[in-house]
Peer 1: 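Have a look at this one before I ask anything.
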Amino acid sequence: MTTPAGSGMGFGSVSWWGLSPALDLQAESPPVDPDSQADTVHSVPELDVLLLGSVDGRHLLRTLSRAKLWPRRRFNFFVLENNLEAVARHMLIFSLALEEPEKMGLQERSETFLEVWGNALLRPPVAAFVRAQADLLAHLVPEPDRLEEQLPWLSLRALKFRERDALEAVFRFWAGSEKGPEAFPMSRLWDSRLRHYLGSRYDARRGVSDWDLRMKLHDRGAQVIHTQEFRRWRDTGVAFELRDSSAYHVPNRTLASGRLLSYVRVHCLSRPAADSRRPRSQGPQHRPHLPSLSLLFQRGERVAARGYWGDIATGPFVAFGIEADDESLLRTSNGQPVKTAGEITQHNVTEMLHEVATWGHNPEEQQHAEGGLEPGTAAAPTSESFTIHFLPLDSAQTLHHKSCYNGRFQLLYVACGMVHLLSPELGACVAPGGNLIVELARYLVDVRQEQLQGFHTRVGELAQAAGFSPQAGARPSETFARFCKSPELAVGSTDPAVEPRTLPLEVLAQPLEARSPAPKDLTEPLQGGTPRSEPCQPPSASPGTLWLPEV
């Protein structure tokens with residue numbers, strides 16, 4: 001059995017955590033124009049940001065936690081994902097981050113955040129919190145008035161009705177409508193994905209993980225990821241072990257996602273052998289031929305399957321675990337980092353949630369209590385200082401048709417898995433002079449160095465075709481590509497010198513659903529009426545999927 005490593009299967013078809021460090025979006029956006037609000041009394045400048053595939057909300061939380069360092073501004077985050085499970089995780093993570101300190105302390109909140117966000121298995125108390133919060137959200141989603149009253153920072157008005165119904169179903173599954181661990185056997189699903197990813201190297205998986213860590217992630221700037229924590233995550237899916245290892249045994253249902261798979265019915269036909277009537281007079285060595293067999297394949301109906309289709313190659317250490325404002329966390333001793341990526345992640349998340357806790361203070365009351373703030377000093381933002389708008393899943397190429405989005409956004413962020421959506425139509429939604437940030441594939445383990453360079457080049461071509469040019473004076477980065485919308489370029493115009501061609505990294509430039517091809521050993525016909533996934537493996541070859549009745 002050959003290994004599919006390097007084919008992109010390690011990335012999965014659904015992203016659950018970011019593969020780049022969290023950004024402060026205010027630092028990436030154009031400066032506030034003081035004349036833009038000159039005609040309005042006591043107006044607050046707004047920042048409109050469109051994010052494609054941000055996945056885990058890390059950029060949003062980072063931006064809000066550092067808002068006190070900037071002049072006061074109101075944020076409108078427009079989030080577009082390619083699956084509703086990612087939308088549901090956004091809502092759960094933000095409801096946890098904005099939990100009142102009286103109900104949940106800072107340490108408990110940060111530990112719960114880390115486990116829900118990055119662990120395949122949860123402790124029972126954390127699983128109980130997920131069930132309770134999911135049950136609350138399941139009741140709020142179909143009632144817009146109650147949703148706006150209890151979660152004023154959230155807007156689902158742009159979603160289609162069928163998307164809201166599906167979102168409610170996701171929360172009800174999280175809440176435990178299907179009882180028992182067999183509803184989502186995460187450990188079995190994880191091991192199944194790992195076996196098919198490593199193939200013949202599965203028995204040497206520890207050596208493989210060490211090679212991927214030291215020769216790839218470490219060489220690309222993630223030296224703080226420790227060998228032991230990376231091995232543990234590769235083997236079990238538990239990235240942040242904050243308690244004894246035996247405490248993690250409840251499947252994390254927020255990492256479940258559904259896919260439409262198709263059955264393949266196999267009909268076995270037989271016919272008698274041509275020489276079956278020959279006499280048996282040729283001695284004991286003569287053996288009559290057995291009836292010949294022929295197989296007839298017929299494609300069946302598509303059915304819904306739930307499984308784990310996420311990342312098993314890189315891990316959730318990059319988002320908060322390889323950079324820190326406190327330089328002492330990145331200190332080395334004898335050439336080795338003194339802190340692991342897990343410890344740095346816990347510190348950064350705790351500090352971030354501590355800043356989020358200051359949102360409970362009203363800016364006007366704070367200013368009055370402190371006897372007035374100095375000019376240019378920002379007050380701590382409240383939960384009414386921002387709104388997260390979730391957009392329909394397939395709306396990237398149609399947003400520019402609506403006047404409310406055309407030329408609206410000062411900043412556009414595109415994750416590496418959504419680069420195929422970067423087009424002149426999407427560029428038309430960015431205001432002249434606006435900025436574009438594209439996440440590169442630096443921390444994708446399966447990508448070779450020459451592919452990284454080819455992907456970076458193609459990103460530049462797509463950005464130029466969409467009306468952007470490289471930012472003047474932008475600091476060099478192998479993680480993000482930064483561009484600026486040309487003010488003199490007409491909205492939606494393209495550069496005729498840029499000819500479309502196939503991306504060098506099909507695994508990144510195609511939609512996520514098309515990333516994971518079926519393993520080579522699973523392309524052979526299967527016996528009976530076993531369902532066969534496209535492109536995922538069938539359950540007869542591996543228990544990697546759970547089959548659900550078609551809706």
Peer 1: If you round to the nearest 0.5 Å, how far is CG of L194 from CZ of R205?
Peer 2: 7.0 Å

Peer 1: Please enumerate all residues that pass salt bridge (charged side-chain N to carboxylate O under 4.0 Å, His left out) together with D325, with sequence neighbours excluded.
Peer 2: R62, R66

Peer 1: What's the verdict on side chain to side chain contact (heavy atoms under 4.5 Å, CB included) for L51 and L25, showing C-alpha distance, side-chain angles and the deciding distance?
Peer 2: CA-CA 10 Å; L51 302 102; L25 298 180; 4.0 Å; yes

Peer 1: Would you find a donor on one side and an acceptor on the other, under 3.5 Å apart, between the side chain of R482 and the backbone of V438?
Peer 2: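 The answer is no, because no donor-acceptor pair under 3.5 Å joins these two groups.
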
Peer 1: With heavy-atom distances below 4.5 Å as the criterion, would you say the side chains of L444 and L452 are in contact?
Peer 2: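 Not touching, per the 4.5 Å side-chain cut-off.
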
Peer 1: Picking from F409, F75, F78, what satisfies ring pair (Phe, Tyr, Trp, His ring centres under 6.0 Å) with H389?
Peer 2: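 Option passing the ring pair (Phe, Tyr, Trp, His ring centres under 6.0 Å) with H389: F78.
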
Peer 1: Yes or no on ring pair (Phe, Tyr, Trp, His ring centres under 6.0 Å) for F11 and W309, after CA distance, side-chain angles and deciding distance?
Peer 2: CA-CA 9 Å; F11 312 145; W309 318 114; over 10 Å; no

Peer 1: Side-chain contact test, heavy atoms from C-beta onward, threshold under 4.5 Å: evaluate it for V445 versus V447 and give yes or no.
Peer 2: no

Peer 1: Ignoring hydrogens, what is the shortest heavy-atom contact between L393 and L80? Give both atom names and the distance.
Peer 2: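 Scanning both residues, the minimum pair turns out to be O-CD2, 3.7 Å.
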
Peer 1: For E478, is there an ion pair with R220 - N to carboxylate O distance below 4.0 angstrom?
Peer 2: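 Looking at R220 and E478, the cut-off is not met.
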
Peer 1: Which label fits F317 and F240: parallel for a plane angle under 30°, tilted from 30 to 60°, or perpendicular past 60°?
Peer 2: perpendicular

Peer 1: Which residues pass the side chain to side chain contact (heavy atoms under 4.5 Å, CB included) test with H90, not counting sequence neighbours?
Peer 2: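 For H90, the residues satisfying side chain to side chain contact (heavy atoms under 4.5 Å, CB included) (neighbours in sequence not counted) are S54, V79, E81, F390.
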
Peer 1: Please tell me whether R89 and T254 have a donor and an acceptor in their side chains that are separated by less than 3.5 angstrom.
Peer 2: yes

Peer 1: Any side-chain donor-acceptor pair under 3.5 Å between Y308 and N252?
Peer 2: no

Peer 1: Under a 3.5 Å cutoff, is there a donor and acceptor pairing between the side chains of T63 and Q26?
Peer 2: no

Peer 1: Flag the pair E108 and K103 as a salt bridge only when some basic side-chain nitrogen lies within less than 4.0 angstrom of an acidic carboxylate oxygen.
Peer 2: no

Peer 1: When rounded to the nearest 0.5 angstrom, what distance separates NZ in K160 from CG in L167?
Peer 2: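 Going from the NZ atom of K160 to the CG atom of L167 covers 14.5 Å.
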
Peer 1: Residues in salt bridge (charged side-chain N to carboxylate O under 4.0 Å, His left out) with E229, at least two apart?
Peer 2: none

Peer 1: CH2 of W153 to OG1 of T387: how many Å apart, nearest 0.5 Å?
Peer 2: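 Answer rounded to 0.5 Å: 10.5 Å.
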
Peer 1: Donor-acceptor pair, T314 side chain versus Y443 backbone, under 3.5 Å?
Peer 2: yes

Peer 1: Could you check E28 against N435 for side chain to side chain donor-acceptor pair (under 3.5 Å), going step by step and ending with a plain yes or no?
Peer 2: CA-CA 7 Å; E28 304 292 343; N435 290 345; over 6 Å; no

Peer 1: Check for a donor-acceptor pair, side chain of Q223 on one end and backbone N or O of H218 on the other, with a separation under 3.5 Å.
Peer 2: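 Yes; at least one donor-acceptor contact below 3.5 Å.
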
Peer 1: Is a donor on one side and an acceptor on the other found under 3.5 Å between the side chain of S477 and the backbone of F480?
Peer 2: yes

Peer 1: When the ring planes of W174 and F171 are compared, do they come out parallel, tilted or perpendicular, using 30° and 60° as the limits?
Peer 2: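 Geometry flag for F171 against W174: perpendicular rings.
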
Peer 1: Does one side chain, of Y405 or D48, offer a donor that lies under 3.5 Å from an acceptor on the other?
Peer 2: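 No, no side-chain donor-acceptor pair sits under 3.5 Å.
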
Peer 1: If every non-hydrogen atom of C429 is compared with every non-hydrogen atom of L399, which pair is closest and at what distance?
Peer 2: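 Shortest heavy-atom contact: SG-CB, 3.6 Å.
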
Peer 1: Please check if atom CZ in R206 has more than 12 non-hydrogen atoms from other residues, nucleotides or ligands closer than 6.0 Å.
Peer 2: no

Peer 1: Return the minimal non-hydrogen interatomic distance between H59 and L23, and the atom names on each side.
Peer 2: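 Heavy-atom minimum between the residues: ND1-N, 3.0 Å.
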
Peer 1: Ignoring hydrogens and geometry, is there a side-chain-to-backbone donor-acceptor pair from E439 to C416 under 3.5 Å?
Peer 2: yes

Peer 1: State plainly whether the residues E115 and R123 are in salt-bridge range, i.e. N to O under 4.0 Å.
Peer 2: yes

Peer 1: Backbone N or O of F320 within a donor-acceptor pair of the N348 side chain at under 3.5 Å?
Peer 2: yes

Peer 1: Taking atom CG of L151 and atom OG of S95, what is their separation to the nearest 0.5 Å?
Peer 2: 7.5 Å

Peer 1: Is a side-chain donor or acceptor of R146 paired with a backbone partner of L140 at a separation under 3.5 angstrom?
Peer 2: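 Flag not set: sc R146 to bb L140 has no pair under 3.5 Å.
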
Peer 1: Find out whether the Lys NZ or Arg CZ of R253 is both under 6.0 angstrom from the six-membered ring centre of F173 and within 45° of the ring's axis.
Peer 2: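 Yes - R253 lies over the ring of F173, closer than 6.0 Å to its centre and within 45° of its axis.
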
Peer 1: Quick one: closest heavy-atom pair of L426 and A396, and the distance?
Peer 2: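 So the two residues come closest at CD1-O, 3.7 Å.
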
Peer 1: In the structure I gave you, are the side-chain heavy atoms of F94 and L61 within less than 4.5 Å of one another anywhere?
Peer 2: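 They are in side-chain contact.
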
Peer 1: Side chains of D56 and W16 only: does a donor on one sit below 3.5 Å from an acceptor on the other?
Peer 2: no

Peer 1: Given W190 and W233, is the ring pair (Phe, Tyr, Trp, His ring centres under 6.0 Å) satisfied, shown in steps?
Peer 2: CA-CA 10 Å; W190 184 276; W233 175 78; 5.4 Å; yes

Peer 1: Can you tell me which residue pairs pass the salt bridge (Lys or Arg N to Asp or Glu O under 4.0 Å) test with a partner in residues 333-352, sequence neighbours excluded?
Peer 2: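 Counting only pairs at least two positions apart or across chains, no salt bridge (Lys or Arg N to Asp or Glu O under 4.0 Å) contact touches residues 333-352.
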
Peer 1: In chain order, what residues pass the side chain to side chain donor-acceptor pair (under 3.5 Å) check against T345, with sequence neighbours excluded?
Peer 2: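 Listed in chain order: nothing, the list is empty.
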
Peer 1: Answer yes or no: is there an ion pair linking R195 with D191, defined by an N-O contact shorter than 4.0 Å?
Peer 2: yes

Peer 1: A side-chain contact here means heavy atoms from C-beta on lying under 4.5 Å apart; do E111 and V126 qualify?
Peer 2: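 E111 does not reach V126 side chain to side chain.
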
Peer 1: Hey, does the side chain of T350 reach the backbone of Q346 with a donor-acceptor pair shorter than 3.5 angstrom?
Peer 2: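 Judged by distance alone, yes, a pair lies under 3.5 Å.
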
Peer 1: Are I93 and F113 close enough that some pair of their side-chain heavy atoms sits under 4.5 Å apart?
Peer 2: yes

Peer 1: Check this for me: does any side-chain nitrogen of one of E168 and R172 sit under 4.0 Å from a carboxylate oxygen of the other?
Peer 2: yes

Peer 1: Please tell me if the side chains of P144 and L156 come closer than 4.5 Å, counting only heavy atoms from C-beta onward.
Peer 2: no

Peer 1: Any idea which heavy atoms bring L213 and T227 closest together, and the distance?
Peer 2: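 Nearest heavy atoms, L213 then T227: CD2-CA, 3.5 Å.
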
Peer 1: Report the distance from atom CG of L84 to atom OG of S257, rounding to the nearest 0.5 Å.
Peer 2: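 Separation between the atoms: 11.5 Å.
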
Peer 1: Count the heavy atoms of every other residue, nucleotide or ligand shown that sit under 6.0 Å from CD of Q228, and state whether that count exceeds 12.
Peer 2: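 No, the 6.0 Å shell around CD holds no more than 12 heavy atoms from other groups.
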
Peer 1: Using a distance-only test with no angle check, is there a side-chain donor-acceptor pair under 3.5 angstrom linking R58 and S20?
Peer 2: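 Their side chains do contain a donor-acceptor pair, which is all the 3.5 Å distance test asks for.
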
Peer 1: Show me the pairs that pass salt bridge (Lys or Arg N to Asp or Glu O under 4.0 Å) and involve residues 208-219, at least two apart or across chains.
Peer 2: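 Matches after skipping sequence neighbours: D210-R231, D212-K216, D212-R234.
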
Peer 1: Given 3.5 Å as the limit, does a donor-acceptor pair link the side chain of S15 with the main chain of W17, or not?
Peer 2: no

Peer 1: Ignoring hydrogens, what is the shortest heavy-atom contact between L19 and G315? Give both atom names and the distance.
Peer 2: CD2-O, 4.1 Å

